[in-house]
Amino acid sequence: MRDVTAGSSVLELLPLVFADPGGARARAREVLGSAPPPLHASVAHQVLGIWERDFGDLRIALRHLRRARDLAARAESADREADVLATLGVALVHAGRTREGLAAFERGVARGTGHTRARVLFRRAYVWWVLGHHREALEDVRRALPVLRGAGDDIWTARALTLRATVHLALGAVDRAVADFTAAELLWDTTGQEHDKADAVESRGLAAFRSGDIPAALRLLDEAEERYAKLGTPTYMLSVRRCEVLMAAGLAPEALTEADAAIALLDRIGGQSTRKAELLLAAARAARSAGDAHTATDRAAVAVRLFAAQRRTWWQTHARLVLIEARVAAGRRSGRLVADAAAVAERLAAFGSPAAPEASLLAGRIALALGRTADAERHLAVAARSRHGGRPTARMTGWAAQALRARAAGSRRGVLEACRRGLDVLDDHRMTLGASELRAHATAQGAELAALAQEVSLDQGDPRRLLVWSERWRATVLAAPPARPPEDPALLSGLTAYREIAARAEGARVDGRPVPALEREQRRLEREVRSRTRHIRGAAPGAGDRLDVGRLLDRLGDGLLLELAVVAGRVHVLLCGRGRVRRFTGGPLAEAVAEAEHVQAGLRRLAHPGAAARLPLVEAAGLRLQELLLGEAAARLGPGPVVVVPPGALHRVPWALLPALRDRVLSVSPSAGSWLRARETEPPHGGRTVLVRGPGLATGGAEVPELADRYGGATVLEDEDAQVPRVLAELDGAGLAHLAAHGTFRADSPLFSALRMADGPLIAHDFERLARSPYRIILSSCDTARLASVGADELLGLVTALLPLGTAGVVASSAPVNDAAVVPLMLALHKGLTAGLGLAEALRDARAALPDDAVHQATGWAFAAFGAA
């Protein structure tokens, strides 16, 4: 065994603690077990103190470090004592004992000389950063760097550069930070400091985020986490940073879950008080973004108290901002809150914090709500300055403030211009995201601007303008297909593994065997697939086509399009067609949503024999729903075809149940723009017909053999041929596809909604890998049209995964259906298609051809035609 008591070997333990933390800890214990001299024992205790400080229990860390300090003094080594005092100072500050920690640094700076003193200054700079004293941090780094460079100390030079970059980021100087991170990384490549290298990757992730590149930030943070996992070290700071990125991506509930899990772990091991305070602040921000004002208030209040006790004024001020925001979200308004928000804005501006405009916007909002227009104008004018530069979120804040200023001044034109400019910023940002999930969630940041523009358009009494603004921020995720990597082996491998585990879990459930282990692995693989797709970067900025109302009216021909816009909680019907746009008033959205849920419950019951007595109740509910949703527009429809464009909250309405729509050619679309794109989509030349029959259907997919006879030469995939890779290959570019397979909807993760194939689930993520999805696709099982409403007014699920990829028409069900009753409906539907009808017309005729019993009627109502094919 190597002689770990040799002097040079013992000194190697200090750099080793950030190269191989576990190995350094074990060797330090060996040193202490060999009756070492005071100098060597001091090093060993310091190593153990660093390990416990960063990865374990702070109380144990402080005992080791005080022992290391005393042993250094006994060894009469001033530099050794200075070095330990610096490590002890960091630990004391992380424990919330700021005064003691800074005093330890004062003694360390006084005791150290030359190279050692420079290392002490670096660590004090780190503590200044933790405390939010950025100018002091930069000054200590400025003093330390020349000495560290002169000594050829690459490790500590790289650490100092990384710290300086991190401080620059806190001050909004992204370019300076990137330059320092780049220089540090070149130095790290020459060392074996694996923990420091992981920290460098994490820091680059933060820089990417500050530069507005969310996919790169998520990719780098995931890579850093993998590196930390190999070293067996916790990742508290990484959790704080990832929470920030997840919130910017619109994934606030996920951020809250991560922050709370990290807090629980810190509490369990007695970890750093400073990190706990930062995680509480992250959790408060996430809860506020997720609409949970109570949790946000609780977390922020504790964070404020902890930061105050730790003498971390910069952090405390940021936590106060979140606390005020949470209180306002909970309904509180007062002059005191205006003053508090204004004071926070002033302090943040003095700190040079990029969050200062948010605080000014908050003060202006509260003042407006109280009718204090002069105060509001003063604060909003300050916030509006951020609209011309900085990160997208800062510019969005500025344009929101400008829109509110214009509204207070009575300038409708000013409101619309500010809303347009703000949403343009968000468009550009959103299109840098390759994953449709992230694009959809990001739209939530524009919800207020879109709502303001809709309110002004309604006040102006211009239905055409209201239509344009209703479309401006609706179903934007469908405006362009999600970005596809050339071929990502890791993603393909993850999807294959997920499919295999999901199939095994399903088989175990059927057999009555336990599945917890399989479900855990399935969840892990879901996270992996989700992460890989989030790393994909989008195309060049740009939001795609804006709605051309004239072109829409022209393409409608003799038909009508009903767009349901929600303004201030009430449904407004925009009746488009015959050369004009008219507006009618519907009922309250909340009442319509409740009635739609009632109707859905009725349809679920009617899917089973013996519930026929409920049919009149369901039909009566359909009439009430019509009154709430269509109002007087129901009597103005005429005889032609109708396209319904509902808001996300109403996507589950069975539109064919409404009396005014029941017997007509009816289709549904997430937006007028997506219907227009579908209408103008050309079918593929010589498009193939593909029929797929998945396993476990109650009817065995009985319609498929008959359809195979109807479509001579169709590709039929069943039994072992109905495996996902083969199915995808045949679907790509097909003209018509019919999939008879069990459907499952995942409200928690809609892009994992699936159709069951022979080898496992075919999920929405799989469809996104198609170069072109089938021109027409029929999904004949339950719940295939169910969608999750996310972001501002976006919908995610199987249907919306298909529409941006070349599919012009889909038939799918938004409710559970009777399998046996589906077969005659599907056969009648295809009879119409082979006669040359479109999906909507063929579905109308197929419903009319069904038996008039309750089960068949409910089955017909549950299916809808989406798109325009």
Side-chain angles (χ1 to χ4, degrees), residues 437 487-533 690-704 715-732 737-770 773-774 777-786 788 796-799 801-802 812-813 816-817 819 822:
E437 175 197 22
E487 277 299 335
D488 183 348
L491 177 57
L492 290 174
S493 174
L495 286 167
T496 302
Y498 167 78
R499 190 172 303 118
E500 178 187 348
I501 290 296
R504 287 171 55 193
E506 180 63 26
R509 291 187 197 97
V510 171
D511 295 341
R513 290 182 281 116
V515 293
L518 291 171
E519 288 178 341
R520 283 194 298 271
E521 179 63 6
Q522 184 174 335
R523 287 193 295 272
R524 186 192 70 78
L525 289 166
E526 283 182 14
R527 288 193 298 271
E528 184 178 303
V529 169
R530 197 179 293 116
S531 293
R532 299 295 304 186
T533 57
V690 180
L691 308 173
V692 180
R693 180 157 55 163
L697 292 166
T699 65
E703 74 268 26
V704 171
T715 299
V716 180
L717 302 177
E718 53 191 351
D719 302 324
E720 288 307 304
D721 287 335
Q723 296 195 28
V724 171
R726 175 78 189 280
V727 170
L728 288 174
E730 295 294 342
L731 291 180
D732 212 331
H738 179 105
L739 279 69
H742 270 302
T744 55
F745 173 69
R746 287 279 303 276
D748 63 318
S749 192
L751 294 182
F752 282 90
S753 298
L755 300 170
R756 192 196 306 171
M757 297 291 122
D759 59 338
L762 169 62
I763 61 176
H765 282 298
D766 288 312
F767 284 123
E768 291 184 342
R769 291 162 48 212
L770 295 173
S773 55
I777 187 165
I778 297 165
L779 305 173
S780 67
S781 55
C782 300
D783 286 337
T784 47
R786 285 191 63 185
L796 291 179
L798 289 171
V799 170
L802 293 161
S813 163
V817 291
D819 286 349
V822 167

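As the structure is a computational prediction, the values presented were derived from the model and not from experiment.
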Nearest heavy-atom pair of [X] and [Y]: which atoms, and what distance?
{"X": "A812", "Y": "V799", "result": "CB-CG2, 4.1 Å"}
{"X": "A740", "Y": "V704", "result": "CB-CG2, 4.0 Å"}
{"X": "A737", "Y": "L731", "result": "CB-CD2, 3.5 Å"}
{"X": "A801", "Y": "A764", "result": "CB-CB, 3.9 Å"}
{"X": "V817", "Y": "C782", "result": "N-SG, 3.2 Å"}
{"X": "F745", "Y": "P750", "result": "CE1-CB, 4.5 Å"}

Donor-acceptor contact present, side-chain [X] to main-chain [Y], <3.5 Å:
{"X": "D732", "Y": "A729", "value": "no"}
{"X": "S773", "Y": "L802", "value": "yes"}
{"X": "T715", "Y": "V690", "value": "no"}
{"X": "R756", "Y": "P761", "value": "no"}
{"X": "R693", "Y": "G700", "value": "yes"}

Exercise. If you round to the nearest 0.5 Å, how far is OG of S813 from CD1 of I778?
Worked result: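 With rounding to 0.5 Å, CD1 (I778) is 13.5 Å from OG (S813).
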
Exercise. Going from CD1 on I763 to CG on L755, what distance comes out if it is rounded to the nearest 0.5 angstrom?
Worked result: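 Between atom CD1 of I763 and atom CG of L755 there are 11.0 Å.
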
Problem set entry | Derivation and outcome, side chain to side chain contact (heavy atoms under 4.5 Å, CB included), residues E730 and V692 | CA-CA 10 Å; E730 295 294 342; V692 180; over 6 Å; no

Exercise. Cut-off 3.5 Å, side chains only: do E437 and T533 have a donor facing an acceptor?
Worked result: no

For this session: Give a yes-or-no answer on whether the side chains of S749 and R530 include a donor-acceptor pair shorter than 3.5 Å.
Result: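 Note: S749 and R530 side chains meet the donor-acceptor criterion.
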
Exercise. Of all residues at least two apart in sequence or in a different chain, which pass the side chain to side chain contact (heavy atoms under 4.5 Å, CB included) check with P514?
Worked result: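 Result, side chain to side chain contact (heavy atoms under 4.5 Å, CB included) vs P514: P516.
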
Exercise. Between D766 and R769, is a side chain to side chain contact (heavy atoms under 4.5 Å, CB included) present by the stated rule, with each step listed?
Worked result: CA-CA 6 Å; D766 288 312; R769 291 162 48 212; 3.1 Å; yes

Exercise. Between L739 and L762, does a side chain to side chain contact (heavy atoms under 4.5 Å, CB included) hold up when you go through it step by step?
Worked result: CA-CA 11 Å; L739 279 69; L762 169 62; 4.2 Å; yes

Problem set entry | Contact check, side chains of S753 and R786, non-hydrogen atoms, under 4.5 Å |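 Not touching, per the 4.5 Å side-chain cut-off.
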
Exercise. Among E500, E720, R726, Q723, which residue meets the side-chain contact (heavy atoms from CB on, under 4.5 Å) test with D759?
Worked result: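 Only one of E500, E720, R726, Q723 forms a side-chain contact (heavy atoms from CB on, under 4.5 Å) with D759, namely Q723.
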
Exercise. For E528 and R532, what are the C-alpha separation, side-chain angles and deciding distance, and is it a salt bridge (Lys or Arg N to Asp or Glu O under 4.0 Å)?
Worked result: CA-CA 6 Å; E528 184 178 303; R532 299 295 304 186; over 6 Å; no

Exercise. Hey, is E526 close enough to R746 for a salt bridge, meaning N to O under 4.0 Å?
Worked result: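 Yes, E526 and R746 are salt-bridged.
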
For this session: Determine, stepwise, if the pair L751 / V529 fulfils side chain to side chain contact (heavy atoms under 4.5 Å, CB included).
Result: CA-CA 11 Å; L751 294 182; V529 169; over 6 Å; no

For this session: Please identify each residue that fulfils side chain to side chain donor-acceptor pair (under 3.5 Å) with R509, with sequence neighbours left out.
Result: E506, E519

